[in-house]
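What you see is a predicted model; the values in this text were computed from it and never measured. Convention: sequence-line order gives letters A, B, ...; per-chain numbering from 1. Worth knowing before you read on, the calculation uses all heavy atoms, side chains too, and leaves out hydrogens, waters and symmetry mates.
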There are 4 protein chains.
Amino acid sequence: MQAVPARRRIAANVKDAALVGERRDQIVEAAIAVFRDKGFAAATMRDVGLRAGLSQGTLYNYVRTKEDTLYLVCDRAVAHYVDQIARAVEGVADPRERLVRAVRAVVRAQYDHRHNIAIVLREAHLLDARSREALRRRVDVFIDDIVAIVGAGTTGGPRRRASARLLAEAVTYLPTVFAMRPWRVRAEGPPDKLVDAMVDILLAALRIEQPA
Amino acid sequence: MQAVPARRRIAANVKDAALVGERRDQIVEAAIAVFRDKGFAAATMRDVGLRAGLSQGTLYNYVRTKEDTLYLVCDRAVAHYVDQIARAVEGVADPRERLVRAVRAVVRAQYDHRHNIAIVLREAHLLDARSREALRRRVDVFIDDIVAIVGAGTTGGPRRRASARLLAEAVTYLPTVFAMRPWRVRAEGPPDKLVDAMVDILLAALRIEQPA
Amino acid sequence: MQAVPARRRIAANVKDAALVGERRDQIVEAAIAVFRDKGFAAATMRDVGLRAGLSQGTLYNYVRTKEDTLYLVCDRAVAHYVDQIARAVEGVADPRERLVRAVRAVVRAQYDHRHNIAIVLREAHLLDARSREALRRRVDVFIDDIVAIVGAGTTGGPRRRASARLLAEAVTYLPTVFAMRPWRVRAEGPPDKLVDAMVDILLAALRIEQPA
Amino acid sequence: MQAVPARRRIAANVKDAALVGERRDQIVEAAIAVFRDKGFAAATMRDVGLRAGLSQGTLYNYVRTKEDTLYLVCDRAVAHYVDQIARAVEGVADPRERLVRAVRAVVRAQYDHRHNIAIVLREAHLLDARSREALRRRVDVFIDDIVAIVGAGTTGGPRRRASARLLAEAVTYLPTVFAMRPWRVRAEGPPDKLVDAMVDILLAALRIEQPA
DNA sequence: AATGAATGAGACTTCATTCAT
DNA sequence: CATGAATGAAGTCTCATTCAT
């Protein structure tokens with residue numbers, strides 16, 4: 001595992017760090033709801049403020065711009081997502097087992113965070129270059145980990161045309177379908193079954209015979 | 001193959017149908033470039049007009065609203081995409097062969113139209129309900145076809161947890177990674193190799209042994 | 001009777017005078033309908049063209065500006081109105097009889113032309129100063145005639161506080177209620193009864209005992 | 001006297017009710033000046049803002065649309081007008097006396113508010129149906145009162161052809177000449193004399209011998 | 001630290017008018 | 001003489017951001 005690249009620091013008008021954390025939680029939660037509903041560009045800071053129960057002025061004590069708000073949302077989504085997966089493979093030594101665990105964790109996390117992830121996928125490209133790069137770097141480091149896990153976990157298997165890199169891309173991208181086609185999620189029955197099925201597809205794609 | 005649902009008709013101020021077609025081509029092309037760059041909401045109709053070489057007023061002789069413009073872009077993307085795949089399986093009887101051809105066609109089409117598709121994926125949810133439904137219906141009919149092809153093409157293979165529906169979803173969704181992570185496309189070498197690798201992954205996911 | 005002030009001449013692109021007359025009739029008729037419906041400012045020249053069955057370009061061969069169109073409408077309304085009254089008193093010598101005839105003619109004409117008159121009352125002030133003055137001069141000359149008729153027709157009657165001028169104003173203004181409160185017109189029963197009643201009110205206002 | 005129908009409530013972005021009242025006074029006053037000058041449709045909200053000393057943005061904190069502004073103007077005109085007359089007849093029992101007072105009050109109010117009333121007469125029909133109806137209902141209730149007063153006040157007088165309703169219409173409409181032909185107002189000498197003369201005309205129309 | 005009114009730049013859209021065919 | 005596509009100026013309205021209280 002590589003060192004995790006730093007998050008961009010967002011300045012606040014308010015000193016009290018605990019308060020900043022608390023208020024930003026409110027703001028991010030409100031922003032997710034609002035951005036999901038209307039899209040980032042059509043959402044207004046007034047919407048966010050109302051939803052968060054904060055006045056416009058107060059909002060701007062914790063966030064410098066509307067874009068900052070989007071960054072906070074994306075940053076938090078990425079952090080939770082990466083974290084959840086890191087914990088899943090922690091202490092697992094067997095390469096094959098590590099891979100299976102990682103795949104399952106990715107699918108699960110994508111399911112759990114599908115609302116935030118929809119925003120990241122659709123709106124992150126609106127961020128300014130620096131924020132976008134900061135986010136991408138963190139995702140890339142994470143994908144590099146997956147690449148390594150895939151590489152180690154598939155050694156000795158049948159030859160294939162796809163690089164470990166592209167396979168890792170498949171593993172991390174396919175489950176975003178939960179975020180991008182939510183009506184499909186709703187149509188597929190209980191979450192656990194959906195997650196199982198998706199894991200099954202991905203392991204097949206990796207040509208791993210999973211323990212029946 | 002089912003009957004294709006009708007497109008929504010967009011009214012124009014200009015009567016000459018040929019001219020409308022020509023101008024709308026200009027407009028759609030310009031809009032794709034602009035929307036890709038800034039996102040739909042941040043793009044201005046002035047941008048579109050400038051890029052298309054049309055004055056603001058002229059633009060609005062061929063499109064009633066900014067949203068119409070987005071609809072035209074999405075509509076055209078879907079039309080080209082669906083069409084390309086329909087042609088690929090035309091006249092192919094053997095179920096297995098049909099499936100392989102369909103998969104390859106999907107991957108290829110997603111690669112070719114990745115710029116338009118990026119817009120559809122990110123911005124289509126901003127359309128009004130009627131337009132959105134019109135589009136979705138056409139994609140759904142197409143996915144139904146893929147479901148049937150997948151069902152027929154995988155009969156007799158190993159049992160799997162995923163429904164034909166979810167497999168079809170995987171086939172049609174995974175290649176959108178070309179649109180959503182373009183930097184990955186650029187990193188993977190020549191297009192043909194990328195397409196081959198992606199097809200390989202999908203056939204493995206379907207547990208089809210492809211002809212070496 | 002004084003000399004009638006000249007109308008403003010509106011230039012046309014087309015030479016054939018008869019054609020100009022015919023087309024302008026179409027245009028005026030269409031404009032009345034459209035202006036009544038939406039008001040002058042909200043009406044578009046396209047509306048007028050469509051209603052008149054003329055293309056935009058053709059329209060502008062007979063009218064130089066939108067304002068010209070309004071002027072034509074007002075001009076025609078005033079002309080018909082004034083004319084109708086002039087004919088009613090023509091050749092009537094007895095002052096009292098002249099007055100009664102004039103009052104009845106005014107009321108009748110206001111009833112008949114109430115649609116056009118609504119436009120004149122509401123929109124004429126939007127004309128440029130020159131057109132407005134040209135119209136007002138013609139109406140003033142007409143009102144002067146009424147003043148004279150009122151003066152002659154009420155001689156020897158009871159003293160009153162109102163000048164002949166103000167009485168003439170009442171005679172010519174009160175019936176515009178037909179144009180400005182059309183729902184009242186509709187509520188008052190058959191036109192003839194309404195006209196009779198209005199005449200009755202005006203003669204009473206003039207303190208003339210009308211021949212029962 | 002009947003219950004006065006409710007005004008339409010116009011929403012504001014600003015919470016402080018006192019401030020809303022104050023700013024709207026500014027806005028209405030400015031709007032009257034501007035609308036009178038150019039007509040509602042040709043007037044711009046920039047004009048109104050400049051005249052009111054408010055920025056465009058601020059303006060729209062107190063008014064949601066340009067039409068709202070027109071409604072506020074009309075609403076205020078009607079309110080003042082109706083109120084002024086109600087106060088004039090308050091506590092007057094004798095029917096004849098009530099009628100004379102009412103007539104004088106109508107004339108006076110129409111004179112005082114002639115600027116606003118010009119706008120109501122010319123532009124109110126541009127309001128959306130709901131606003132228009134809200135206004136008309138309030139005026140109709142007022143006219144009903146006048147009808148009752150006229151009916152009671154003329155009992156036992158000479159028979160006439162006009163209904164009490166039409167007489168009431170005359171009483172309330174004729175004085176709008178002050179608004180619609182302002183040059184006449186200016187030509188008729190001091191206001192008091194003009195008001196007296198108009199009252200005289202109306203009482204004659206009602207065939208009431210006024211106390212010399 | 002919180003509030004919310006004020007600001008003004010800028011977007012979409014309309015439409016009178018022109019002019020090549 | 002008729003047509004109708006092109007033009008671009010201008011208007012309404014929104015909203016991120018600021019700042020006095």
Interface polar pairs with nucleotides 16-18 of chain F, N/O, under 3.5 angstrom:
{"unit_1": "F:dA16", "atom_1": "OP1", "unit_2": "A:A43", "atom_2": "O", "d": "3.3"}
{"unit_1": "F:dA16", "atom_1": "OP1", "unit_2": "A:K66", "atom_2": "NZ", "d": "3.3"}
{"unit_1": "F:dA16", "atom_1": "OP2", "unit_2": "A:M45", "atom_2": "N", "d": "2.7"}
{"unit_1": "F:dT17", "atom_1": "OP2", "unit_2": "A:Y60", "atom_2": "OH", "d": "2.9"}
{"unit_1": "F:dT17", "atom_1": "OP2", "unit_2": "A:K66", "atom_2": "N", "d": "2.8"}
{"unit_1": "F:dT17", "atom_1": "O4", "unit_2": "A:Q56", "atom_2": "NE2", "d": "3.4"}

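- Contacts of B:Q26 classified as side-chain hydrogen bond (donor to acceptor under 3.5 Å, both in side chains), with partners at least two apart in sequence or in another chain: B:R23.
- Residues satisfying the side-chain hydrogen bond (donor to acceptor under 3.5 Å, both in side chains) criterion with C:H125, sequence neighbours excluded, are D:R122.
- Applying the salt bridge (Lys or Arg N to Asp or Glu O under 4.0 Å) criterion to A:R132, with sequence neighbours excluded, gives no partner residue.
- For the pair C:L59 CG and E:dC19 P, the computed distance is 17 Å after rounding to whole Å.
- Within the structure, every pair that satisfies the ring-ring contact (aromatic ring centres under 6.0 Å, His included) test and touches residues 29-70 of chain B, not counting sequence neighbours, is listed here: B:F35-B:F40.
- When all heavy atoms of D:L135 and D:C74 are compared, the pair lying nearest together is CD1-CB, 3.4 Å.
- Here the side chains of C:M45 and C:T69 are in contact, with some heavy-atom distance below 4.5 Å.
- Closest heavy-atom contact between B:V73 and B:A31: CG2-CB, 3.7 Å.
- Contact annotation: B:R23 side-chain N/O to F:dA6 OP1/OP2 distance is under 4.0 Å.
- Under the rule for a salt bridge (Lys or Arg N to Asp or Glu O under 4.0 Å), the partners of A:D25 that lie at least two apart in sequence or sit in another chain are A:R76.
- Between C:L54 atom CG and F:dT3 atom C1' the separation is 11 Å, expressed in whole Å.
- Atom CD of D:Q26 and atom C1' of E:dA6 are 13 Å apart (whole Å).
- Applying a 4.0 Å cut-off to non-hydrogen atoms, the residues of residues 9-22 of chain D that approach DNA chain E are D:N13, D:V14, D:K15, D:D16, D:L19, listed by residue number.
- Rounded to an integer number of Å, the gap from B:R24 CZ to F:dA5 C1' is 15 Å.
- Residue pairs that meet the salt bridge (Lys or Arg N to Asp or Glu O under 4.0 Å) test with at least one member in residues 35-55 of chain B, sequence neighbours left out, are B:K38-B:D47.
- When the side-chain nitrogen and oxygen atoms of B:T58 are compared with OP1 and OP2 of F:dA5, none of them lie within a distance under 4.0 Å.
- Taking only side-chain nitrogens and oxygens, B:Y62 comes nearer than 4.0 Å to OP1 or OP2 of F:dA6.
- Listed by residue number, the members of residues 121-133 of chain A with any heavy atom below 4.0 angstrom from DNA chain E form an empty set.
- With a 4.5 Å cut-off on side-chain heavy atoms, A:V63 and A:L59 do not count as touching.
- In this structure, B:I27 atom CD1 and F:dA6 atom C1' are separated by 13 Å, rounded to whole Å.
- Under the rule for a side-chain hydrogen bond (donor to acceptor under 3.5 Å, both in side chains), D:E22 has no partner lying at least two apart in sequence or in another chain.
- A pairwise comparison of heavy atoms in A:A52 and A:I27 identifies CB-CA, 4.4 Å as the closest pair.
- Here A:S55 does not reach the OP1 or OP2 of E:dA2: none of its side-chain N or O atoms lies under 4.0 Å away.
- At least one side-chain heavy atom of D:L70 sits less than 4.5 Å from a side-chain heavy atom of D:I119.
- Sorted by first then second residue, the salt bridge (Lys or Arg N to Asp or Glu O under 4.0 Å) pairs that include residues 60-75 of chain C, not counting sequence neighbours, are C:R7-C:D75, C:R8-C:D68, C:R64-C:D68, C:D75-C:R138.
- Taking a pair as Watson-Crick or G-U wobble with both distances under 3.5 Å, DNA chain E forms stems of 3 or more consecutive pairs at E:2-21 with F:2-21.
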